[in-house]
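These notes concern the structure reproduced below.
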There are 2 protein chains.
Amino acid sequence: MAARAARRSYEELARHLSGIGAVRREMVRGFPQDCPPASAAVLTLLHKYGEMRIGRLSELMAIDMSVTSRHVSHVEERGWLERHADPQDGRSRLLRLTERGSRQLDRLAEATTEALEGFLHDWTDEDIARLNEMLERLRESFGDSRAPRLLHEDTPETTARH
Amino acid sequence: MAARAARRSYEELARHLSGIGAVRREMVRGFPQDCPPASAAVLTLLHKYGEMRIGRLSELMAIDMSVTSRHVSHVEERGWLERHADPQDGRSRLLRLTERGSRQLDRLAEATTEALEGFLHDWTDEDIARLNEMLERLRESFGDSRAPRLLHEDTPETTARH
DNA sequence: TATTGTTATACTCTATAACTATA
DNA sequence: TATAGTTATAGAGTATAACAATA
């Protein structure tokens with residue numbers, strides 16, 4: 001439609017995408033000291049999707065494998081995950097959450113909930129659900145062009161028995 | 001309402017807030033080589049809100065003044081803004097976009113529009129407008145608790161005559 | 001020869017603290 | 001004495017390229 005209006009909308013969205021980092025930093029402020037956001041993301045995804053290889057994790061995080069490798073090492077050093085042999089491929093190892101990792105994840109969820117409850121006290125459940133839907137769609141719109149259908153192919157959500 | 005459901009929503013939102021960085025990086029990929037995202041933000045805000053001091057800019061960007069100072073220096077070195085004496089306060093200087101800065105901003109808007117048009121080709125104008133509204137509200141919900149009513153007090157939008 | 005993962009290097013962004021200059 | 005801004009230092013996150021091991 002009105003190309004002029006669309007252009008302004010795009011620029012506004014660009015501004016918001018830049019500014020959203022501040023929101024993230026604010027939320028992360030309450031995280032445990034030795035658990036930087038990237039480690040939290042590793043733990044969260046490993047819980048949500050179950051045991052996986054580095055390559056898949058890097059696609060889920062949408063960052064380079066080299067970076068993912070370092071994040072995973074950090075998490076492993078703290079005993080929150082273990083690397084097990086991959087029976088299907090000797091080059092890979094499977095990442096698996098440990099008991100301690102699960103407990104750390106609980107603390108993280110606690111901190112997250114507390115922070116978001118505070119900031120979003122005047123949002124209804126429906127407001128938050130709608131925002132989540134739009135952000136999900138946004139990520140898909142961007143991700144599809146780069147890592148075709150990786151976020152869709154399988155979503156165990158059940159394999160996360162620790 | 002259902003506290004359990006709300007908690008899951010919060011955790012999902014936390015995941016999205018972490019993941020949104022990938023969206024931002026993807027968008028930024030098309031930016032001019034010598035114009036990192038932070039410089040783009042400086043230019044954009046200076047255009048939108050008009051000439052201002054470092055302190056105000058740092059509040060708009062929601063980052064520490066020391067960081068803002070460095071970003072501004074980077075932008076100034078490229079001739080995209082100038083610092084003018086502040087008649088009201090000898091400690092401050094007013095940041096003003098230059099002609100070259102405006103041209104750089106045009107190139108940025110071009111790149112942004114092109115990227116977003118590509119990624120969001122199946123979004124309607126209304127979809128994007130709704131997303132913008134929610135992100136705006138999200139920032140307010142987080143920002144209000146830290147820098148009370150700074151985003152609201154004045155929004156010239158007209159002072160941006162370069 | 002191609003793929004999986006790791007390591008080395010460099011760049012961007014951010015915060016804290018110490019400092020200078022002006023109010 | 002307090003405030004606006006700058007600089008030094010450190011830490012987190014990311015990408016690219018070179019490398020090792022396995023497919």
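Residue numbers begin at 1 in each chain, while the letters A, B, ... track the order of the sequences.
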Span of DNA chain C, from the first to the last nucleotide whose atoms fall under 4.0 Å of chain B heavy atoms: C:dT12 to C:dA23
Does some side-chain heavy atom of [Y] sit less than 4.5 Å from a side-chain heavy atom of [X]?
{"X": "B:Leu46", "Y": "B:Glu51", "result": "no"}
{"X": "A:Ser141", "Y": "B:Asp122", "result": "yes"}
{"X": "B:Gln104", "Y": "B:Cys35", "result": "yes"}
{"X": "B:Leu116", "Y": "A:Glu11", "result": "no"}

Tell me, which of [range] have any heavy atom that sits under 4.0 Å from an atom in DNA chain C?
{"range": "residues 106-116 of chain A", "result": "none"}
{"range": "residues 83-95 of chain B", "result": "B:Asp89, B:Gly90, B:Arg91"}
{"range": "residues 68-77 of chain A", "result": "A:Ser69"}

Salt bridge (charged side-chain N to carboxylate O under 4.0 Å, His left out) against B:Arg130, all qualifying residues, sequence neighbours excluded: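 So B:Arg130 forms a salt bridge (charged side-chain N to carboxylate O under 4.0 Å, His left out) with B:Asp127.
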Which residues share a salt bridge (charged side-chain N to carboxylate O under 4.0 Å, His left out) with B:Arg70, sequence neighbours left out: none
[X] has an atom [atom1]; how far is it from atom [atom2] of [N], in whole Å?
{"X": "A:Arg53", "N": "D:dT22", "atom1": "CZ", "atom2": "C1'", "result": "12 Å"}
{"X": "B:Leu17", "N": "D:dG13", "atom1": "CG", "atom2": "C1'", "result": "17 Å"}
{"X": "B:Leu57", "N": "D:dA4", "atom1": "CG", "atom2": "P", "result": "15 Å"}
{"X": "A:Met61", "N": "D:dA15", "atom1": "CE", "atom2": "P", "result": "11 Å"}
{"X": "B:Asp64", "N": "D:dA8", "atom1": "CG", "atom2": "C1'", "result": "14 Å"}
{"X": "A:Met27", "N": "D:dA12", "atom1": "CE", "atom2": "C1'", "result": "15 Å"}

Polar side chain donor-acceptor pair, A:Thr44 to B:Arg15, under 3.5 angstrom: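 Side chains of A:Thr44 and B:Arg15: no pair found under 3.5 Å.
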5' precedence on DNA chain D between A:Ser66 and A:Gln33 (nearest-nucleotide basis):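 Its nucleotide being nearer the 5' end, the pick is A:Gln33.
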Verdict with supporting geometry, B:Arg103 and B:Trp80, side chain to side chain contact (heavy atoms under 4.5 Å, CB included): CA-CA 9 Å; B:Arg103 284 200 299 274; B:Trp80 295 331; over 6 Å; no
Test: B:Arg137 cationic atom under 6.0 Å from A:Trp123 six-membered ring centre, within 45° of axis: yes
Candidate pair B:Leu95 and B:Arg83, rule side chain to side chain contact (heavy atoms under 4.5 Å, CB included), full reasoning: CA-CA 5 Å; B:Leu95 310 177; B:Arg83 311 196 205 210; 4.0 Å; yes
Along DNA chain C (nearest heavy atom to each residue), the more 5'-positioned of A:Arg25 and A:Val67: A:Val67
Cationic N near anionic O, under 4.0 Å, A:Glu26 to A:Arg29: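 Yes, this pair counts.
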Among A:Glu110, A:Glu114, A:Glu117, the one residue meeting salt bridge (Lys or Arg N to Asp or Glu O under 4.0 Å) with B:Arg7: A:Glu110
A:Asp89 vs A:Arg53, salt bridge (Lys or Arg N to Asp or Glu O under 4.0 Å): CA-CA, chis, key distance, verdict: CA-CA 10 Å; A:Asp89 190 334; A:Arg53 314 192 298 180; 3.6 Å; yes
